[in-house]
Amino acid sequence: MGQKTHPTGFRVGIIQPWKSTWFAKFKEYRLFVKEDDKIRKFIKKKLYAAGISDVKIDRKAQNTTVTVVTAKPGIVVGRGGQGIEELKQEVSKYIGKPVIINVVEVARIDADAQLVAEFIAQQLEKRIPFRRAMKQAMQRSMRAGIQGIKVMVSGRLGGAEIARSEWAKEGRIPLQTLRADVDYGFTEADTVMGKIGVKVWIFKGNLMPGEKADQNIKMKSGKDNSEKGSRRPRRRAIETE
């Protein structure tokens, strides 16, 4: 057996933040951990079609805030905010306490390891050859501006009787360096021949001391500023003409 470390857990507290931020007494700790797991599994199962990248949980006093990071916020929010209200009620009923739901959009879908892994899994479920699915995903991610990507699939590939693992990579993937901003994603494809595991590592670049990893979240203020910045040169060009 190999001694492999989870790429995200390896960097938590150094360049990566915690996905759950709260403090609990000794007797409450195990209850909160179990509750976090239930919330994540429930939201992931209910909104799998929305491309859920991550679910962040924050507890302050008696308030539980759940932040859903998704590639398709319109599906989560629904028409007039109806979808998010239904999700809030269902999660509150499921865990037995009120929660606050926030929805955040992913900035670059092809630079998110979890979404890339789910894209490959969906291709495998449609019976597309695994090598083609891996190659297409890697090419799309490299065009998104990342520095390296590694993809591994394991299981009965191509309907073979004996399970095996196949992997491919492009660019650099320094997994042993703590300053390397490496995003990791894992999912399983339910095919006719059984489950096929998909792992994706995405390297976004080295960080300087004190810097934190890119969370790949679209901010409204940043979006507005970029739009304004792109319009100003055009107006100047028209005036000079």
Side-chain angles (χ1 to χ4, degrees), residues 8 16-22 31-126 128 133 136-137 140-141 144 183-190 198 200 202 213-228 230-231:
T8 304
Q16 289 281 0
W18 280 262
K19 294 186 177 181
S20 294
T21 53
W22 44 262
L31 300 176
F32 285 172
V33 171
K34 183 65 177 178
E35 194 175 272
D36 286 2
D37 184 55
K38 288 176 64 178
I39 291 173
R40 288 193 171 95
K41 287 182 178 178
F42 179 82
I43 292 177
K44 189 71 177 179
K45 183 177 181 180
K46 180 177 176 59
L47 300 172
Y48 186 81
I52 304 299
S53 169
D54 196 7
V55 177
K56 302 179 184 294
I57 300 172
D58 181 25
R59 286 187 174 88
K60 292 181 180 178
Q62 301 300 321
N63 297 327
T64 301
T65 304
V66 179
T67 303
V68 181
V69 184
T70 174
K72 301 174 182 177
I75 297 178
V76 181
V77 175
R79 183 175 296 177
Q82 184 178 0
I84 198 169
E85 286 298 324
E86 292 179 358
L87 178 64
K88 180 179 177 180
Q89 294 175 3
E90 291 178 2
V91 174
S92 300
K93 184 179 179 181
Y94 185 64
I95 65 174
K97 62 173 67 174
V99 297
I100 301 171
I101 305 289
N102 295 327
V103 179
V104 181
E105 186 177 0
V106 176
R108 295 182 298 165
I109 297 175
D110 294 326
D112 190 290
Q114 182 64 35
L115 297 180
V116 173
E118 291 180 7
F119 170 76
I120 296 173
Q122 291 172 4
Q123 298 293 306
L124 296 176
E125 290 173 354
K126 295 177 182 176
I128 292 176
Q136 288 178 353
R140 287 175 53 180
S141 296
D183 190 19
Y184 173 75
F186 168 76
T187 190
E188 292 178 339
D190 293 322
V198 182
V200 175
I202 289 180
D214 177 25
Q215 297 303 303
N216 197 18
I217 293 175
K218 186 178 291 186
M219 305 299 291
K220 290 184 179 179
S221 59
K223 182 180 178 182
D224 294 340
N225 292 335
S226 63
E227 288 178 354
K228 291 178 182 178
S230 62
R231 290 173 182 171

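Because the structure is predicted, anything quoted here is derived from the model rather than measured.
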Please report the closest heavy-atom contact between [X] and [Y], naming both atoms and the distance.
| X | Y | answer |
| --- | --- | --- |
| Ile52 | Lys44 | O-NZ, 2.5 Å |
| Pro17 | Gln215 | CD-NE2, 3.3 Å |
| Ala137 | Phe119 | CB-CD2, 4.1 Å |
| Leu124 | Ala189 | CB-CB, 4.1 Å |
| Ser92 | Pro98 | OG-CA, 3.7 Å |
| Val198 | Ala117 | CG1-O, 3.9 Å |

With rounding to the nearest 0.5 angstrom, report the [atom1] to [atom2] distance, [X] to [Y].
| X | Y | atom1 | atom2 | result |
| --- | --- | --- | --- | --- |
| Asn216 | Glu105 | CG | CD | 10.5 Å |
| Ile101 | Thr64 | CD1 | OG1 | 10.0 Å |
| Gln122 | Tyr48 | CD | OH | 5.5 Å |
| Gln123 | Glu125 | CD | CD | 10.0 Å |

Donor-acceptor contact below 3.5 Å, side chain [X] vs main chain [Y]:
| X | Y | result |
| --- | --- | --- |
| Gln114 | Ser53 | no |
| Lys38 | Ile95 | no |
| Arg140 | Asp110 | no |

* Structure fact -> Exactly one candidate in Val116, Thr187, Asp112 meets side chain to side chain contact (heavy atoms under 4.5 Å, CB included) with Val200; the answer is Val116
If you define the side chain from C-beta out and look only at heavy atoms, does anything of [X] sit under 4.5 Å from [Y]?
| X | Y | result |
| --- | --- | --- |
| Lys46 | Val91 | no |
| Asp54 | Lys19 | yes |
| Leu47 | Leu87 | yes |
| Val106 | Leu115 | yes |
| Pro73 | Lys218 | no |

* Asked: Looking at Lys56 and Asp58, does any basic side-chain N land under 4.0 Å from a carboxylate oxygen?
  -> no
* **side-chain hydrogen bond (donor to acceptor under 3.5 Å, both in side chains) partner of Ser20, chosen from Arg40, Glu35, Arg59** => Arg40
* Take the angle between the ring planes of Trp22 and Phe32 and call it parallel below 30°, perpendicular above 60°, tilted in between. => perpendicular
